[in-house]
Amino acid sequence: MGNLKVQLGELTLSNPVMTASGTFGYGEEYADFVDINTLGGIVVKGTTLHAREGNAYPRMAETAKGMLNAVGLQNKGVDGFINEIYPRIKNFKTNILVNVSGSTVEEYIETAEKINELDAIPGIELNISCPNVKEGGMAFGTSCPSAIAVANAVRRVYKKHLMVKLSPNVTDITEIAKGVEGAGADSVSLINTLLGMAIDVNSRKPVLSTITGGLSGPCIKPVALRMVWQVAQAVNVPVVGMGGIASTEDAIEFLLAGASAIQIGTANFIDPTITIKVINGIREYLEINQMDDVKQLTGALITR
Amino acid sequence: MGNLKVQLGELTLSNPVMTASGTFGYGEEYADFVDINTLGGIVVKGTTLHAREGNAYPRMAETAKGMLNAVGLQNKGVDGFINEIYPRIKNFKTNILVNVSGSTVEEYIETAEKINELDAIPGIELNISCPNVKEGGMAFGTSCPSAIAVANAVRRVYKKHLMVKLSPNVTDITEIAKGVEGAGADSVSLINTLLGMAIDVNSRKPVLSTITGGLSGPCIKPVALRMVWQVAQAVNVPVVGMGGIASTEDAIEFLLAGASAIQIGTANFIDPTITIKVINGIREYLEINQMDDVKQLTGALITR
Amino acid sequence: MKHITDFTVVTNQRETDEFVVLTLQHPGELPSMVPGQFAEVRVDGAENAFLRRPLSIHDVDYSNNTIKLLIQEVGEGTRVLAKLKSGDQLNLVYPLGTGYTLPKSNRVLLVGGGCGVAPLLFLGRHFVENGIRPKFLIGGRTAATLIRLDAYEQLGDVYVTTEDGSAGHKGFVIHHPIMKTETPEFDHIYTCGPDAMMKVLAKYAGSRGITCQVSLENHMACGFGACLCCVTPTVDGHKCTCVDGPVFDSKYLKWEI
Amino acid sequence: MKHITDFTVVTNQRETDEFVVLTLQHPGELPSMVPGQFAEVRVDGAENAFLRRPLSIHDVDYSNNTIKLLIQEVGEGTRVLAKLKSGDQLNLVYPLGTGYTLPKSNRVLLVGGGCGVAPLLFLGRHFVENGIRPKFLIGGRTAATLIRLDAYEQLGDVYVTTEDGSAGHKGFVIHHPIMKTETPEFDHIYTCGPDAMMKVLAKYAGSRGITCQVSLENHMACGFGACLCCVTPTVDGHKCTCVDGPVFDSKYLKWEI
Ligand SMILES: Cc1cc2nc3c(=O)[nH]c(=O)nc-3n(C[C@H](O)[C@H](O)[C@H](O)COP(=O)(O)OP(=O)(O)OC[C@H]3O[C@@H](n4cnc5c(N)ncnc54)[C@H](O)[C@@H]3O)c2cc1C
Ligand SMILES: Cc1cc2nc3c(=O)[nH]c(=O)nc-3n(C[C@H](O)[C@H](O)[C@H](O)COP(=O)(O)OP(=O)(O)OC[C@H]3O[C@@H](n4cnc5c(N)ncnc54)[C@H](O)[C@@H]3O)c2cc1C
Ligand SMILES: Cc1cc2nc3c(=O)[nH]c(=O)nc-3n(C[C@H](O)[C@H](O)[C@H](O)COP(=O)(O)O)c2cc1C
Ligand SMILES: Cc1cc2nc3c(=O)[nH]c(=O)nc-3n(C[C@H](O)[C@H](O)[C@H](O)COP(=O)(O)O)c2cc1C
Ligand code: FES
Ligand code: FES
């Protein structure tokens, strides 16, 4: 049987399938559907220094094979996470990464410092790409100097695995990927949502309370795959690919494009058991193709 | 009955519905399905100084509610257009715009100069956003200085309506929109295709001969709509919106977001009569909402 | 515990132009459900209904392991579901959310409008099983929009209003005579329907010391607390309609009424 | 002239696990069609088949205004089409492309493989109507993959090969005895099927002064020359398979054979 284990720097994943921040709650929400411990890792909801109420309702719009969200980082703040949530989830036997966001570099630093103390959290995913907050968020991830500044600052205080999550809303994503690699990122993950919008023609109002929101789901897969392919060629650190993955084939496309692991987001809403199906699907693909290690797939795209 | 006539600078459109370059051939291909003269305008296939064979097959991949294309500006060159095609289409009683592309500024200039001489062509759409050619194309449209340079150069030699077509593959599309407005564009059209990719997991090869290609269709609509909304707020020239329009509602969303006219692309492949349906649909919408002029819809989004 | 299960359509009963009732067979023993809970239904074969669609548990028959969904056709998703045929499979994530809670007294009024009548049948049955005879007040635009009245009548008294007066009392539910008495015949209102209707009822209840449990129909992406898309403002801040609701005590909500 | 028309499904005849034949009723008088032409079929109710699907005109009956499509289920689009029932509507853009041209002599061989047999029935019928008795050579993996042989037999002689020898001659079409004679019994080959098969036939024809018309199955977005997605390299450069083809003289193509 093929080996599914992958390494992201020092981080060992039992398989390359992780869940995307903001779509899998804290894992518990899915515990009735999947055995969380069989996942390669889960990235929990975006966490900020202070508790946030998020944006006003409506926060969601369905689009062609996708959805827009404008949740806006609703969370209990890092202390709320540490005191209320962490005790409940720390015994999961999978990699729990915390997705960290902030409005200022200082907030990122302080949040990362606190999470650095949590034994059961082997890494953070630095979210410099959230399109749904007024301050910070995506702004950090769409300019190379500011992306480097945040990554640098957090790197200094955060000692475990530092994954940096890139924004697709940029002209050249490889430039930013190289920048944060230089700043000490142990891996990069991409893509966060594309900035989009929907209008209700009856009311003539935006569907979302925030007018624009983040687009996710199968509709964005071609863009995500292209960016993962570009970034994988540009950096030496492992790449974690996501964006519209909803089947084994999708996941394998990302691996072939150069991802060492993948995250599944929106597809969990439609099939809460999709992660397990993809893990099994990758195993079968290896068997059918007589490969003995999933790592053989990473970057194995044949471009002649 | 509501007025559907709109102005793009000096250009009068009998209604706001145009067709997008590369998806409507030279109009003739659709003559069995729709009366071309009832359209607001048609933008013909991307035209370059010299004839081009385009990219190798395969040039197309179907994606979730969309498609990738890598046609690569196959065309007979501007002289071929003038000698072979123009005589056949010049009597259409609609606005025929030529989509002009090039690998160098000089090529753009020379092509535009030649088209300037054609009486039945009231304008060009300057394509600085084609993702499917090795040189030029999108590269011009993703950097502000080069976008301005091409627009400026063409503006000097081209005397009729100059529409500049923007690339969505940028961090800040408003910056480029403002740049080409400053360079003398009479209108801006957006969006061209998003750069994407698809992989065949069985062969482990890219589906497209060019590896990456341009994503179009309903999947990109949320991104397109957001960009039209942003650009409409940033510039004073009329905005022509496109990207995934496949129904009357879609078209009205773009008008509300600030577009003065819209273009329909990929949807023509699925329903070759869609343009007529949308024209009639807009007329009905005006009636139902007791509006007497389609111009009232442009930018009428209620954001409180 | 939440489940993800393929049910088999037993019957698809068309009630009106707009409404159908699907009876769904569960493969084994049904888990227990609370009235007001809902299912997230996967819409197969729809071109545009990408996300699951939330639908209330309309009725439950534990004896033969069937449940019913009452579906109002409003868009592509519900239209595709309304076309299902006996023998078709339907994938449900269920039971989801926090349902209605049992009352302190026996004097209950269940008020439904539109597809909001859906959870009230299961709720009414639950009351009857707990020795409470419910009263139903059902509002519609016209007589033709009132559905399954006979099913409700088997459980308790049914009062009706229609906007055009074509059945029952003319007007909105709040205009019905039983709402007008100085001393209402009920201590608890349970309602599901348009927000406007529920807000009027909440106000009515608030000013009379009556409790009012409302069921919200916010847009949902996941249905089980994972996405935080479905929030409603409450006295404790944003709460998920799908987990903390859909049923809330109206006083808990930050409603402008 | 191209048309866009809703046809009504008259029958859906299942041939094998993989193949069905749809008979479609045209609302009025059928326009005239040429064998080798195809239709772009809109797939309604498919979650992922976004573009139309090109399918050859399998047969035409001008007397009762019906056409037939032969469909091999290979993906979601064809699977959804194969589920259509009598009475369903199906939207076609048709007739598209350049079909086969009539031969200079009467000695014709029609060679089909897989779903490539589809246009050959209409073509054979066309030959018969023009006083030419065609010979068919049909290749399949196994006997079970050979379909509608009886229909072809009504028009001419049918020769068969299967890869496993379970019907007809064992091997590929090129291995059939009628291909082996020094002086072939035909001057013209008309073929549709896998590229590999057609290339072998083109080579065979080329070396014997036989003409060979091949029908390509390139991926298409529009089907009528508007998108330039479906090109194939020819001696005149890139040509659209959907307009200049799908039928080409093999000598016109830039094939590495
Ligand atoms: C907890 C809950 C229980 C529900 N129970 C029932 C029920 O028992 N029977 C029933 O018929 N319907 C019920 N609904 C509403 C039902 O979910 C929507 O009508 C359905 O999702 C619409 O899908 P569609 O594809 O047909 O329409 P769409 O094309 O998605 O939308 C059509 C119209 O309906 C509106 N709409 C879409 N989704 C929702 C939603 N979640 N809530 C409110 N409006 C929506 C849209 O804004 C649009 O105006 C319930 C909703 C919730 C949240
Ligand atoms: C001119 C023409 C005539 C055709 N006539 C017939 C016919 O009479 N009967 C019939 O069964 N099929 C015919 N085909 C092939 C048919 O169009 C494809 O099988 C169909 O589009 C696949 O759609 P799908 O959604 O089922 O499969 P998909 O899920 O789209 O694809 C399944 C597999 O089929 C391949 N495929 C997809 N589209 C095409 C295509 N256009 N050509 C070749 N392979 C494709 C894919 O690469 C994939 O490997 C014809 C194709 C052309 C171009
Ligand atoms: C409802 C929702 C909430 C999200 N919240 C976050 C978040 O808090 N932090 C973050 O980095 N990404 C967030 N994302 C982005 C996803 O993690 C992921 O990058 C994106 O959705 C693309 O993947 P997908 O198409 O598989 O969903 C969110 C996405 C959705 C749909
Ligand atoms: C097959 C194809 C060919 C295209 N060729 C061109 C082109 O030559 N020049 C150009 O500016 N845009 C071209 N486009 C982009 C479209 O004009 C349009 O900007 C894009 O497809 C988005 O609109 P849509 O989603 O409605 O198709 C092409 C698009 C497609 C699908
Ligand atoms: S719908 Fe996802 S949290 Fe409520
Ligand atoms: S399929 Fe569009 S040109 Fe042939």
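For clarity, every value in this text was computed on a predicted model and none was experimentally measured. Here is how names work: the chains are called A, B, and so on, in the same order as the sequence lines, proteins then strands, and each is numbered from 1.
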**Prompt:** A/F33: what forms a ring-ring contact (aromatic ring centres under 6.0 Å, His included) with it, not counting sequence neighbours?
**Reply:** C/F224
**Prompt:** Among all residues two or more places apart in sequence or in another chain, which pass the ring-ring contact (aromatic ring centres under 6.0 Å, His included) test with C/F172?
**Reply:** C/H175
**Fill in**
Okay, C/V93 and chain A: the region with an atom under 4.5 Å from a heavy atom over there is side chain
**Prompt:** Between CZ of A/F269 and SG of C/C229, what distance do you get to the nearest 0.5 Å?
**Reply:** 6.0 Å
**Reported CE-to-SG distance for the pair A/M60 and C/C227, which is rounded to 0.5 angstrom** = 7.0 Å
**Fill in**
Looking only at C/I4, C/V243, C/L51, most heavy-atom pairs under 4.5 Å shared with chain A are made by C/L51
**Prompt:** Under a 4.5 Å heavy-atom cutoff, which of C/G237, C/P233, C/A221 has the most pairs with chain A?
**Reply:** C/A221
**Message:** For chain C, which candidate among A/G66, A/G25, A/A64, A/P58 shows the most heavy-atom pairs at distances under 4.5 Å?
**Reply:** A/G66
Taking only distance into account, so ignoring hydrogens and angles, what donor-acceptor contacts under 3.5 Å exist between chain A and chain C?
{"residue": "A/E29", "atom": "O", "partner": "C/K2", "partner atom": "NZ", "Å": "3.0"}
{"residue": "A/D32", "atom": "OD2", "partner": "C/K2", "partner atom": "N", "Å": "2.6"}
{"residue": "A/E53", "atom": "O", "partner": "C/H238", "partner atom": "ND1", "Å": "2.5"}
{"residue": "A/E53", "atom": "OE1", "partner": "C/H238", "partner atom": "N", "Å": "2.6"}
{"residue": "A/E53", "atom": "OE1", "partner": "C/H238", "partner atom": "ND1", "Å": "3.4"}
{"residue": "A/Y57", "atom": "OH", "partner": "C/H219", "partner atom": "N", "Å": "2.7"}
{"residue": "A/R59", "atom": "NH1", "partner": "C/L228", "partner atom": "O", "Å": "2.7"}
{"residue": "A/R59", "atom": "NH2", "partner": "C/H238", "partner atom": "ND1", "Å": "3.0"}
{"residue": "A/E62", "atom": "OE1", "partner": "C/R53", "partner atom": "NH1", "Å": "3.3"}
{"residue": "A/E62", "atom": "OE1", "partner": "C/R53", "partner atom": "NH2", "Å": "2.8"}
{"residue": "A/E62", "atom": "OE2", "partner": "C/F50", "partner atom": "N", "Å": "2.8"}
{"residue": "A/E62", "atom": "OE2", "partner": "C/L51", "partner atom": "N", "Å": "2.7"}
{"residue": "A/E62", "atom": "OE2", "partner": "C/R53", "partner atom": "NH1", "Å": "3.0"}
{"residue": "A/I270", "atom": "O", "partner": "C/R52", "partner atom": "NE", "Å": "2.7"}
{"residue": "A/I270", "atom": "O", "partner": "C/R52", "partner atom": "NH2", "Å": "2.9"}

**Residue-level contacts of residues 90-97 of chain A with chain C, using a heavy-atom cutoff under 4.5 Å** = none
**Item:** Side chain proximity check, A/C219 to C/F50, heavy atoms < 4.5 angstrom
**Value:** no
